[in-house]
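Accompanying notes for the structure given below.
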Amino acid sequence: MLLEVNDIATYYGSSQALFGVDLALDEGEVLALMGRNGMGKSTTIRSICNLNPPKSGTINFAGTSTSRQPAFRIARWGIGLVPEGRRCFAALTVYENLIAAARPGRWTLERVNELFPRLSERRNQLSQTLSGGEQQMLAIGRALMTNPRLLILDEATEGLAPVIRQDIWRAIRALKSDGLSILLVDKTLSELLPVADRCVILENGRSVWSGEPASIDDAVKDRYLGI
Amino acid sequence: MSRETVVNLILAVLLLAVPLLANAVGQPFYITLATRIAILALAATGLNLALGLGGLVSFGHAAFFGIGGYAAGILATHGFSGDPLIFGLSGTNLMPVIWLVAAVTAGLAGLAIGAISLRTSGVYFIMITLAFAQMVYYFAVSWPAYGGEDGLSILVRNQFPGVNSMRPLSFFLICYVVLLVSIGLFALIRASRFGSALQAARQNPVRVATVGIRPFRIRLTAFAISAMMTGLAGALFADLNRFVSPSMLSWHMSGELIVLIILGGTGRLFGPLAGAALYVIIEYALGGITERWQFFLGLILLGVVLFARGGLLGFVTGKARHG
């Protein structure tokens with residue numbers, strides 16, 4: 001297993017947000033983390049990256065415990081996070097955003113530009129002047145430049161125009177067929193389910209369902225996803 | 001060519017033209033004024049690396065400025081008297097050697113001070129850097145071997161091979177070249193991967209950690225390089241005045257360097273030079289009229305902070321790149 005999350009409990013101050021989340025992700029697999037708003041998806045991701053370390057439970061990445069490791073080291077081990085709200089470094093140019101994060105590996109500036117040609121056109125533009133979709137491409141590109149073994153995408157297509165969403169999904173599918181392991185959070189089930197190998201559903205800070213996308217029937221959707 | 005590049009070029013040319021002209025018409029005072037601008041700009045360029053790029057508001061850079069100055073003063077004193085310094089090493093009056101010692105000593109002090117201060121942030125960082133600078137200040141005051149409170153005179157200005165550094169214009173040219181090289185170095189650092197990471201860490205240290213960058217490490221490196229540049233400026237300042245005193249280490253000096261950067265434009269390549277020029281000119285022009293010139297400097301600073309956030313350069317060239 002590349003990533004193993006066992007029964008983690010995470011708090012914001014004194015209020016508990018996660019009460020027991022389990023998930024596992026194999027090398028080359030795409031795992032969809034699902035659930036309604038406020039059920040703990042983003043908190044789970046923050047726990048995995050040790051931005052909010054869990055108080056109990058264990059997280060292992062490539063066989064090593066992430067406990068007590070600073071966030072930068074977990075990123076160096078190979079967890080690339082594309083945070084919610086496509087947060088780029090606003091006052092840096094596209095190029096600077098990308099090279100700031102670069103670590104040697106298969107992903108280079110050229111390959112990122114190939115995946116997102118828009119970025120090479122905007123190379124010397126400040127990232128705060130990009131459109132929402134371009135910022136999202138930059139956020140994904142920046143994560144890829146760290147040459148991650150696992151890419152985490154938190155709501156990567158939220159709030160984007162339909163045409164741009166298609167571009168992002170196309171990129172995600174390309175990354176999957178390239179063999180990259182991906183942990184995905186997204187609300188568009190029609191796009192999410194075909195790309196996912198397995199799904200985990202959270203409710204009230206607990207993982208309550210896991211299985212293949214094909215076995216998500218109307219009953220599951222109705223019960224856990226409110227559709 | 002962008003507007004800022006044009007303004008930068010004009011500044012660089014003006015700083016060179018004024019002393020040349022002053023030399024031609026036999027007014028060496030203005031050469032000294034320009035030299036002072038160049039040296040203060042160099043010191044502020046060092047601080048700009050930490051403050052402008054890294055967002056590290058160091059209120060203790062006078063420590064590095066003074067350490068550089070004392071390095072020059074102490075080496076020159078031993079060089080002049082012939083007494084060995086330490087480990088049987090003698091002093092020297094060779095500027096390149098003095099610069100190296102000044103920069104390395106200031107850099108090591110920067111590493112030590114930074115390693116502790118950078119564990120804090122915000123107002124605590126400001127206070128801790130100030131506290132360290134005050135420690136160095138009081139150490140110098142109570143160190144009778146090198147003049148204590150009275151300071152230390154450099155009897156003959158140190159030498160640069162092949163140049164008569166006693167001539168005001170020659171010494172200015174030395175300082176001018178050192179300044180331009182340092183500004184070039186600043187530009188290289190800013191454009192490098194390291195510079196991008198440093199600026200990214202200023203904008204959001206948490207986000208920078210999620211791409212695998214350790215903010216502490218790059219900040220410490222930047223802080224040490226920053227200290228080296230300011231230390232080098234201190235050595236030149238000592239040679240300009242042929243005098244070193246604890247006042248170079250006082251918190252006024254730290255504040256002055258911050259003021260220079262804010263006046264000129266934070267994080268901008270030529271911001272420190274623009275700020276230093278404005279500062280020295282105000283000091284000279286108003287200082288001739290009233291002893292209370294700093295009151296008016298305060299008003300100008302207030303105006304800049306309220307109405308021209310990008311400093312003088314931001315005001316002239318428009319859009320601030322700095323975020």
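We name chains A, B, ... by the order of the sequence lines, and we start the count at 1 in each one.
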Is it the backbone or the side chain of A:A143 that comes under 4.5 Å from a heavy atom of chain B, or both, or neither? neither

If I measure from the heavy atoms of chain B, does A:I79 come under 4.5 Å with its side chain, its backbone, both, or neither? backbone

Determine whether more than 12 heavy atoms belonging to other residues, nucleotides or ligands lie under 6.0 Å from atom [atom1] of [X].
| X | atom1 | value |
| --- | --- | --- |
| B:F315 | CZ | no |
| A:W77 | CH2 | yes |
| A:R173 | CZ | yes |
| A:Y12 | OH | yes |

Considering all heavy atoms, the nearest [X]-[Y] contact:
| X | Y | value |
| --- | --- | --- |
| B:S196 | A:A100 | CB-CB, 3.7 Å |
| A:A101 | B:V211 | CB-CB, 3.7 Å |
| A:L92 | B:A200 | CD1-CB, 3.9 Å |

Under the side-chain hydrogen bond (donor to acceptor under 3.5 Å, both in side chains) rule, what pairs show up with a residue in residues 37-52 of chain B, not counting sequence neighbours? none

Backbone N or O of [Y] within a donor-acceptor pair of the [X] side chain at under 3.5 Å?
| X | Y | result |
| --- | --- | --- |
| A:R87 | B:R207 | no |
| B:R193 | A:A102 | yes |
| B:Q203 | A:A91 | yes |
| A:R76 | B:G212 | yes |

Once rounded to the nearest 0.5 Å, what's the spacing between atom OG1 of B:T210 and atom CG of A:N50? 12.5 Å

B:V208 and A:F89, any side-chain heavy atoms less than 4.5 Å apart: yes

